[in-house]
Amino acid sequence: MALKLTSRFRRLLQRPGSIDLGPYEKLTTAVAEAEESVQALSDEELTEVVTELRKPDGLDEDDLIEFLALAREAGHRAIGERAFDGQIVGALALLRGRVVEMATGEGKTLAGAFAAAGYAIGGRKVQVLAVNDYLAQRDAEWMGPIYELLGVTVSHVGQASTPEQRREAYQAEVCYAPVSEVGFDVLRDRLVGDVADRVSAKPDVALVDEADSVLIDEARVPLVLAGATRSEEIDDDVVQLVRTLRAGVDFEIDGDGRTVALTDKGTDFVEEHLGDIDLYADENLEKMTQVNVALHAEVLLRKDVDYLVRDGKVHLININRGRISKLQRWPDGLQAAVEAKEAVQVSESGEVLDSITVQALIKRFPTLCGMTGTAVVVGEQLQEFYDVEVAVVPPNKPNIRIDDPDRLYLTVDQKNKALVEHIKEIHETGRPILIGTHSVEESEQLSDKLEAADVPHVVLNAKNDAEEAAIVAEAGVPETVTVSTQMAGRGTDIRLGGRDGSHGKDRAAELGGLYVVGTGLHASRRLDDQLRGRAGRQGDPGGSLFFASLGDELVTRYSITSGLRPSPDGDGRLTDRKALGMLEHAQRVADGANAELHRTTWSYHRLTGQQRDILLDAREKVLTEDLAATKLSDGAKERYDELVEEFGEDVVKDAARRIAVNHLDRRWTDHLAYLADLREGIHLRSLAGGIVHLKPIDEFNKSAIASFNTLIDDAWKDALETFEEAEFGPDGLDEEASGVPRPTATWTYLVNDNPFGTEADRILGRLRNAIRGEELVPVEDDEPVELAEDDLPEELRDLDDEDDLDTEDDADAEDDVDLELPEELREADDEPEDDSKKK
């Protein structure tokens, strides 16, 4: 009842999660009424009835009711699970193009399977986009018997799938695949030299699992296809020299820990030890680049936090899920610098052939829907970026999990001491505990502390992620303590009593159920909620508690503590409202900053995507028509006729096509490299604008358009020159001898747009550093120290008002975000700028 009242209130305010479930609930009642008539059917008859329902233009309401009754029966027969009414409501919302919020353990996978099958019965092709290989394969195999009984073909794609397997899988009516693999296949298909080599299917329906993670968190990470060129070399002398540099003397790190730069003294030191060279001279540009990336790798990238070394290779760690990112690399020589730092073999480098953002990938699908446990929090972003609305499905059983208030401490050491003591205390009762950490390093440090405290436990992090399913399945067993990295994104249910509930389920429930402990708050309360949601599934008891400190990265990076005079107790714990409000303030700022950076990323990639579409249209005509032969014969008719007479028209047409495709691809690769350099320095143009404020995105677009305007024409000129000098052999065009070789190999990876930090990060850091005063000073008196407004920096005077940090008031969140963000990243509005606010 409370959830329904909340939903009505949201509709009144037109807030996310306000979709009226009434029509879906009425249809669900009709589905229940129709269910009795299908229970008497044999399996063969059930499949036959579903087949008779198939329509190429979608199911009408009556057909949909009958189909869902059949699907519910199929689920009961095939895997022993009869869908709850909430799962039917969820399936209906998915079939209407909504993002569905269903709590952990409420059966999103089954609801998604019903929706995918419903789309298929209505003549659509569905790709169920998962966050990783494991979940894609697991769900396809788990739901497979249901699809089979409904007469719907199903498949899955993973990193190990061959091109033939991918091509076949995408032809199934429902294909489960990691979103990254779908993106990489699209990129590879864009560069094929023959249409027969393509593997992807035409995009139709995207049903996104863990929708907030895929559509919001991963949308800031472009998918990249690179062509192998050479092994990246980095001078060992540079690596060894950088290791001798001193922090604060030879180099300085910005307040965010995102960028590092040589000081004047450091520059002199490096130049002297490299042979009295001028690092800033044009001829030493490569050496300067090596020094910069080596310094970045040595100082800012941390082993077991940003990456780990396994089997003689450097593997990056996905910050969203705590897993190894098997296909992720750093660009611009940084990968080689880290490999040199760790003394492992330097891997092959390459140049970017093409890239696509997750947002651009998803927008290719005419129909989008999805499901997750935490959608309302990002509902406005889902509406803004993808034009989809959120439907909140109430749980089948009320949530009775007890979420304790966050515990805040002054320092990290005090927090960790209290954390271990609390875990030990709870463990002694026998209650199962799941601990969520933020990095491999943190999980292993906590493991050492727990071992010293005689608390037996298991650790799940990127070093043993292959054991994930087995470890997570037993996390609900009494006496079990599980330490996990980024549990918030793992997408696996935890049942009390273990996988089958046979290992002390009743005892675990009597003890209070699974107890979730967070070692620190995430950058978004939504991610905290995902971690909390691992406890209390399907009406089970459960509890959660998060520890935090004013020394945590969330606070130091996204909040301003100058002027705060905390009064900790003897254990370092802070309980005053203003200190606790600092946590929520930091999360609101982090959420706002990430949303604005998402907008910025999309702004810069949107024009690139439009240009790519223009190029792809020209490329498609080259592949499927005789456009290349026509253009090259018009430009070099005598040469064309000679080659036709010597080798035959089919051979020459094939050569013309390969030459044209190569030069179109070459020009696009060069264009991407130019845009990458342009974006890195585009902020300098806004600083050089004088009185006229130049927006970086406008300047970027102007330059990008000017660069692209002649790209296709230039590619044809290049193709004509190559054609006139091309060499032919027994098998036709000799690509190597003619100067149009294809890459010897291609590889895919994920990469943040700018590993050295965006200009927004740098401006944010400078702003915060400028107004960050003295370090926090604990005071002896338990009474908080009241400061006069004049004692605070001007930028913080509004924040000193208690209402601005009220933990129950989100109304000022937008203002808090604007305070922290540089002007270029604030949401544009139609109001004129107030000159009085400019600094």
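We number each residue from 1, following the sequence as shown.
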> Side chains of Y170 and V182: closer than 4.5 Å at any heavy-atom pair?
Replying inline: yes
> Listed by chain and number, what are the side-chain hydrogen bond (donor to acceptor under 3.5 Å, both in side chains) partners of E342, not counting sequence neighbours?
Replying inline: Y307
Side chains of residues 200-208: which donor-acceptor partners sit under 3.5 Å, not counting sequence neighbours?
from : atom 1 : to   : atom 2 : distance (Å)
S200 : OG     : D189 : OD2    : 3.0
D204 : OD1    : R124 : NE     : 2.8
D204 : OD1    : R124 : NH2    : 2.7
D204 : OD2    : R124 : NE     : 3.1
D204 : OD2    : K125 : N      : 3.0

> Any side-chain heavy-atom pair from L129 and I362 closer than 4.5 angstrom?
Replying inline: yes
> Do D665 and R619 touch side chain to side chain, with heavy atoms closer than 4.5 Å?
Replying inline: yes
>> According to side-chain contact (heavy atoms from CB on, under 4.5 Å), who are the partners of E164, at least two apart in sequence or on a separate chain?
In response: T162, R167
> Is T372 close to S213 at the side-chain level, that is, under 4.5 Å between some pair of heavy atoms?
Replying inline: no
>> If I take atom NZ from residue K631 and atom CG from residue L720, how far apart are they, to the nearest 0.5 angstrom?
In response: 10.5 Å
> Do the rings of W668 and F708 sit parallel, tilted or perpendicular, given the 30° and 60° boundaries?
Replying inline: perpendicular
> Taking the side chain as C-beta and beyond, is there a heavy-atom pair between V238 and K287 under 4.5 Å?
Replying inline: yes
>> Restricting to side-chain contact (heavy atoms from CB on, under 4.5 Å), what partner residues turn up for K55, sequence neighbours left out?
In response: D57, D60, D63
Return a table of donor-acceptor pairs under 3.5 angstrom between the side chains of residues 640-650 and protein atoms on other chains or two or more places apart.
none

> Do the non-hydrogen side-chain atoms of Q359 and H605 ever get within less than 4.5 Å of each other?
Replying inline: no
>> Just so I know, are the side chains of I712 and I614 near enough to count as touching, which here means a heavy-atom distance under 4.5 Å?
In response: yes
> Got a sec, which residues hit ring pair (Phe, Tyr, Trp, His ring centres under 6.0 Å) with Y386, two or more places apart in sequence or on another chain?
Replying inline: none
